[in-house]
Amino acid sequence: MDREKIYVTRSSMPPMEEYFDEIKELWDTHWLTNMGRKHEEFRAQLKDYLEVENVELFTNGHMALELLIQAFEFPEGSEVITTPFTFASTTHAIVRNRLKPVFCDINTIDYTIDVTKIEELITDNTVAILPVHVYGNVCNVEAIDDIAKRYNLKVIYDAAHAFGVKYKGVGICNYGDASMLSFHATKVFNTIEGGAVCYKDKELGKKLYSLKNFGIVDEEHVTSVGANAKMNEFCAAMGICNLRHIDSVIAKRKEVSRFYDDALRDVDGIMTRAEQKDVIANYSYYPILVDKKIYGSNRDDIYEMLLRNCIVTRKYFYPLTSDMECYKMVSYNATLENASNVVKQVLTLPIYEELDLTIVDSICKMLINNAN
Ligand SMILES: *Cc1c(COP(=O)(O)O)cnc(C)c1O
């Protein structure tokens with residue numbers, strides 16, 4: 001079969017002329033990076049769109065998270081309670097700050113951190129909770145907030161998947177002390193590469209601004225060991241263009257998601273995505289869970305079967321970060337029972353703006369015909 005491959009995602013791009021229009025003035029100003037005009041324009045637009053108090057832009061989501069954690073200046077070796085069911089970046093950002101990740105199990109409804117298991121992991125060394133709004137599913141922000149208040153912990157959200165998501169009418173990045181967003185090409189909203197931190201505390205903002213620019217505070221003063229993680233003007237211009245179209249991008253993804261819901265809901269052994277109450281979703285991923293005992297074949301068989309038919313799915317997020325080679329030395333006490341089960345059963349199906357519903361239909365038929 002020489003059909004073109006269908007990947008799990010495809011980057012949204014604005015009409016080419018729109019982008020050219022946006023970058024044209026860069027040939028007049030020759031100001032290419034270091035918080036130029038496009039950077040500031042994009043930042044203001046994002047703040048409005050996300051309905052947050054403050055936004056700082058970064059070269060990518062990972063550096064945004066890593067420098068955000070650094071900005072809190074936690075004592076070396078402090079413990080951060082987090083989820084292993086995430087992209088490597090989340091755990092890396094903790095460990096690269098010389099802090100200890102303390103893995104907590106996830107719940108089996110929306111795969112976010114299991115809030116009933118956080119408290120038993122808190123010790124005198126715990127400084128923060130770092131949950132992930134995985135697949136754009138909203139964590140139990142109220143319970144997390146309550147625990148954090150009672151134990152005086154910081155809450156830092158990895159909101160890489162949650163661009164534009166709202167909970168109870170409030171932009172999701174308003175919860176916790178700060179939230180990181182990723183604008184990587186594979187995410188719902190992209191700036192080619194890019195990221196941001198949404199935060200409330202202005203002092204934290206000053207640190208973030210300095211940390212992404214080598215720790216420089218002014219021409220003669222460098223007060224912290226910063227990195228280089230600034231967003232450049234071309235990426236900011238891409239953000240300005242893509243932001244104009246984001247609502248229709250999400251609407252198209254919603255159509256795809258609904259199609260999968262309707263076609264797969266009654267397939268025995270396949271669990272589809274559950275709608276969350278009070279949440280305006282962004283449909284950033286379409287995960288299914290495959291129960292081999294009922295469906296007949298397992299997740300890996302389905303992955304291979306679809307691949308033979310030119311459908312490239314992903315086992316996000318397999319393996320758990322706690323099982324990655326680089327984290328073999330990190331001990332943990334929690335059982336991670338749910339995470340260990342989900343990670344073996346989960347498969348994310350193609351979902352993106354331009355994905356034709358006839359292809360979605362054929363993917364569903366393959367899954368239905370393959371069942372017991
Ligand atoms: C994509 C992603 C990141 C990292 O973002 P980049 O912009 O790719 O650096 C971090 N956490 C999660 C959960 C992600 O999916």
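Both ligands and their constituent atoms are indexed starting at 1 by order of listing. In this chain, numbering begins with 1 at the start of the sequence shown.
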Give me the residue, atom name and distance of the protein heavy atom closest to [atom].
atom: atom 11 (N) of ligand 1; result: Asp158 OD2, 2.8 Å
atom: atom 2 (C) of ligand 1; result: Lys187 NZ, 3.0 Å
atom: atom 5 (O) of ligand 1; result: Ser182 OG, 3.2 Å
atom: atom 8 (O) of ligand 1; result: His184 CB, 3.7 Å
atom: atom 10 (C) of ligand 1; result: Ser89 OG, 3.3 Å
atom: atom 9 (O) of ligand 1; result: His62 N, 2.8 Å

Do the side chain of [X] and the main chain of [Y] share a donor and acceptor less than 3.5 angstrom apart?
X: Thr82; Y: Leu130; answer: yes
X: Tyr135; Y: Asp110; answer: no
X: Asp145; Y: Tyr175; answer: no
X: Glu66; Y: Asn97; answer: no

Numbered atoms and elements of ligand 1 in range of [X], under 4.0 angstrom, heavy atoms:
X: Met180; result: 10 (C), 11 (N)
X: Gly194; result: 7 (O)
X: Gly61; result: 5 (O), 6 (P), 7 (O), 9 (O)
X: Thr86; result: 13 (C)
X: Asn60; result: 7 (O), 9 (O)

Notebook entry, point to check: How far apart are the C-alpha atoms of Lys230 and Asn232, what are their side-chain angles, what is the distance that settles it, and do they pass the side-chain hydrogen bond (donor to acceptor under 3.5 Å, both in side chains) test?
Noted result: CA-CA 6 Å; Lys230 307 180 296 287; Asn232 70 56; over 6 Å; no
Next item on the list: Tell me whether the guanidinium CZ or amine NZ of Lys315 lies under 6.0 angstrom from the six-membered ring centre of Tyr303 and within 45° of its axis.
Entry: yes
Check: Where's the contact between His161 and ligand 1, heavy-atom distance under 4.0 Å: side chain, backbone, both or neither?
Finding: side chain
Note to self: Could you check whether any heavy atom of Met63 sits closer than 4.0 Å to an atom of ligand 1, since that is the contact criterion I want to use?
What the structure shows: no
Notebook entry, point to check: Would Ala64 count as a contact of ligand 1 if the rule is a heavy atom under 4.0 Å away?
Noted result: no
Check: Taking both backbone and side-chain atoms of Phe87, is any N or O found less than 3.5 Å from an N or O belonging to ligand 1?
Finding: no
Between [Y] and [X], is there a salt bridge with N-O shorter than 4.0 Å?
X: Arg43; Y: Glu40; answer: yes
X: Arg258; Y: Asp262; answer: no
X: Lys117; Y: Glu119; answer: no

Notebook entry, point to check: Taking the inter-plane angle between the rings of Trp27 and Phe234 on a 0 to 90° scale, is it parallel (under 30°), tilted (30 to 60°) or perpendicular (over 60°)?
Noted result: perpendicular
